[in-house]
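The structure appears right after this line, and notes come after that.
Computed from heavy atoms alone, side chains included, the values below leave out hydrogens, waters and symmetry copies.
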Amino acid sequence: MLVRIVSLIVLAVAAAATNAFAQDLPLDRIRLPQGFTIELLARVPGAREMTFGARGTLFVGSMQGNVYAVTLDGANGKGGDAKVRKIASGLRQPVGVAFRDGALYVSAVSRIVRLPDIEAHLDDPPAPVAVSDKFPTDGHHGWKFIAFGPDGKLYVPVGAPCNVCEPDRDRYANIMRMNADGSDLEVYARGIRNTVGFDWDPLTRELWFTNNGRDNMGDDIPPDTLNHAPKPGLDFGFPYCHAGTIADPEFKSSKPCPAFAQPAQRLGAHVASLGMRFYTGTQFPQQYRNQIFIAEHGSWNRSSKVGYRVTLVRLDANRRPVSYEPFAEGWLQGQRAFGRPADVAVAPDGSLLIADDTAGAVYRVRYRG
């Protein structure tokens, strides 16, 4: 008990120091490719997943129980002109937000709720209406990134309730999907430790997702991964295999690792790859269009920190990854971070938004030429 109390005190002190550092938001330290600029768009406490409404409202989930709406009209990038409204509170880790037919869908660990006709009621938001309560109540990897696919179904991941274990694979460590009314819930893909970001290729309409590798195998293995699931029924190997080829030392499978679905791209180990989006705008140069941006939240248990950045995975004409490189970095200064990217989103004007849950901020990246 004493060890746990001391550990909690150490974590609290570290968090306080990080948050104090985050107050300054020295965005001049962020390194971007030539021609790009970054600015503070809005202060949003604990900003996590982002999605846009039909009228251009930016909706933002958080780990702290609240959901926010950000009105972008007239925002000049200084953080003071974007209007931020709290539209829901008291929910359990409402990280995920998805918009469809005028309603905002929100994940709350074991439940999916929706706020109907929300853009007409930003100042008097409706009470959340339950859509489904069929998901596990486990807190470990219980928060959920959600999104509607091209098939009109809501995709909902369920992370493993552990670092590594052998849970019911029809209930945990998977990506599920269901109709917008909560009916016909089914497993789309299995063997996924914890995905907190996915999107569909605008050219092929096929699903891609990030996955966080297991802990306690060392600083450099296993890597996080970017995965491609063009059809339902694929098994990516957790808990038996990691990153396609690394056998777990505790859990054995009758199948060799190459028999499982293989990652499309190996990312850094412990970078905590979260939100990812295909760039579907036209503001950025041609070489960025239909390519993948990934928010890397950053390591928490590595001897030397990594991540704390936004990366770019480029795909070739056959939609195969050909490079993995930094796009925006500098939130990590030495071994201290003033921010942790948690999600990326393409704004209607073609700029790239970055959610930062540590600094409580949403940034806007523009191409100035």
How long is the straight-line distance from [atom2] of [Y] back to [atom1] of [X], given to the nearest 0.5 Å?
X: L315; Y: T204; atom1: CG; atom2: OG1; result: 9.0 Å
X: N211; Y: I192; atom1: CG; atom2: CD1; result: 6.5 Å
X: L104; Y: I118; atom1: CG; atom2: CD1; result: 6.5 Å
X: F135; Y: S107; atom1: CZ; atom2: OG; result: 9.5 Å
X: R48; Y: Q64; atom1: CZ; atom2: CD; result: 9.0 Å
X: F327; Y: Q291; atom1: CZ; atom2: CD; result: 12.0 Å

Is the ring centre of [X] less than 6.0 Å from the ring centre of [Y]?
X: F293; Y: F278; answer: no
X: F209; Y: F236; answer: yes
X: Y105; Y: F99; answer: no
X: Y288; Y: Y279; answer: no
X: F148; Y: W200; answer: no
X: Y155; Y: Y188; answer: yes

Does [X] reach the main-chain N or O of [Y] with its side chain, forming a donor-acceptor pair under 3.5 Å?
X: H141; Y: A160; value: yes
X: D349; Y: S351; value: yes
X: K153; Y: M178; value: no
X: Q262; Y: C257; value: yes
X: S253; Y: K255; value: yes
X: R92; Y: T137; value: yes
X: E119; Y: A54; value: yes
X: T195; Y: G197; value: yes
X: R193; Y: N163; value: yes

Examine the side chains of [X] and [Y] and answer whether a donor and an acceptor come within less than 3.5 Å of each other.
X: Q286; Y: R289; result: yes
X: N174; Y: Y172; result: no
X: N179; Y: D184; result: yes
X: R319; Y: N290; result: no
X: E296; Y: S273; result: no
X: D224; Y: H270; result: no
X: S110; Y: D133; result: no

Requested in this report: Report, as yes or no, whether the 6.0 Å neighbourhood of atom NZ on K134 holds more than 12 heavy atoms from other residues, nucleotides or ligands.
Outcome: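 Incorrect, the count does not exceed 12.
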Query raised in the report: Considering residues, nucleotides and ligands other than R205, do more than 12 of their heavy atoms fall under 6.0 Å from its CZ?
Result: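 No - once you tally the heavy atoms of other residues, nucleotides and ligands closer than 6.0 Å, there are 12 at most.
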If every non-hydrogen atom of [X] is compared with every non-hydrogen atom of [Y], which pair is closest and at what distance?
X: A147; Y: F198; answer: CB-CE1, 3.7 Å
X: A69; Y: T57; answer: CB-CG2, 3.9 Å
X: A361; Y: A47; answer: O-CB, 3.8 Å
X: G275; Y: F145; answer: CA-CE1, 4.2 Å
X: L41; Y: A82; answer: O-CB, 3.4 Å
X: P239; Y: V164; answer: CB-CG2, 3.9 Å

Report task. Classify the angle between the aromatic ring planes of Y240 and F260 as parallel (below 30°), tilted (30 to 60°) or perpendicular (above 60°). Result -> parallel
Identify whether the distance between the nearest side-chain nitrogen and carboxylate oxygen of [X] and [Y] falls below 4.0 Å.
X: K252; Y: E166; value: no
X: E325; Y: R314; value: yes
X: R302; Y: D220; value: yes

Report task. Please determine which of D343, N212, D357, D356 meets the side-chain hydrogen bond (donor to acceptor under 3.5 Å, both in side chains) test together with H297. Result ->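 Passing option: D357.
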Report summary line: The side-chain hydrogen bond (donor to acceptor under 3.5 Å, both in side chains) partners of E186 (sequence neighbours excluded) come to R177
Requested in this report: For residues 320-349, pull every pair meeting disulfide (SG to SG under 2.5 Å), keeping only residues two or more places apart or in separate chains.
Outcome: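 Found none.
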Would you mind reporting whether [Y] and [X] have side-chain heavy atoms less than 4.5 Å apart?
X: H228; Y: E206; answer: yes
X: D215; Y: W300; answer: yes
X: R266; Y: T245; answer: yes
X: L154; Y: I146; answer: yes
X: L25; Y: R43; answer: yes
X: L32; Y: I38; answer: yes
X: V70; Y: V60; answer: yes
X: R309; Y: L332; answer: no

Report task. Go through the steps for E49 and K144 under the test salt bridge (charged side-chain N to carboxylate O under 4.0 Å, His left out), then give the verdict. Result -> CA-CA 9 Å; E49 187 182 354; K144 294 171 173 59; over 6 Å; no
Requested in this report: Step by step, work out the side-chain contact (heavy atoms from CB on, under 4.5 Å) result for L226 and I292.
Outcome: CA-CA 10 Å; L226 174 66; I292 298 172; 3.8 Å; yes
Query raised in the report: How far apart are the C-alpha atoms of S303 and D219, what are their side-chain angles, what is the distance that settles it, and do they pass the side-chain hydrogen bond (donor to acceptor under 3.5 Å, both in side chains) test?
Result: CA-CA 7 Å; S303 59; D219 272 2; 2.2 Å; yes
Query raised in the report: Can V362 and I354 be said to form a side-chain contact (heavy atoms from CB on, under 4.5 Å), step by step?
Result: CA-CA 6 Å; V362 175; I354 302 170; over 6 Å; no
Query - Trace of the side-chain contact (heavy atoms from CB on, under 4.5 Å) decision for R171 with R169 - result: CA-CA 5 Å; R171 186 150 174 80; R169 301 177 92 240; over 6 Å; no
Requested in this report: Dump the intermediate steps for side-chain contact (heavy atoms from CB on, under 4.5 Å) on L40 and Y363, then the final yes or no.
Outcome: CA-CA 5 Å; L40 176 65; Y363 312 111; 4.3 Å; yes
Query raised in the report: V313 and W208: same hydrophobic cluster, using ILVMFWY side-chain contacts below 4.5 Å?
Result: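 They do share one cluster, since a chain of ILVMFWY contacts under 4.5 Å joins V313 to W208.
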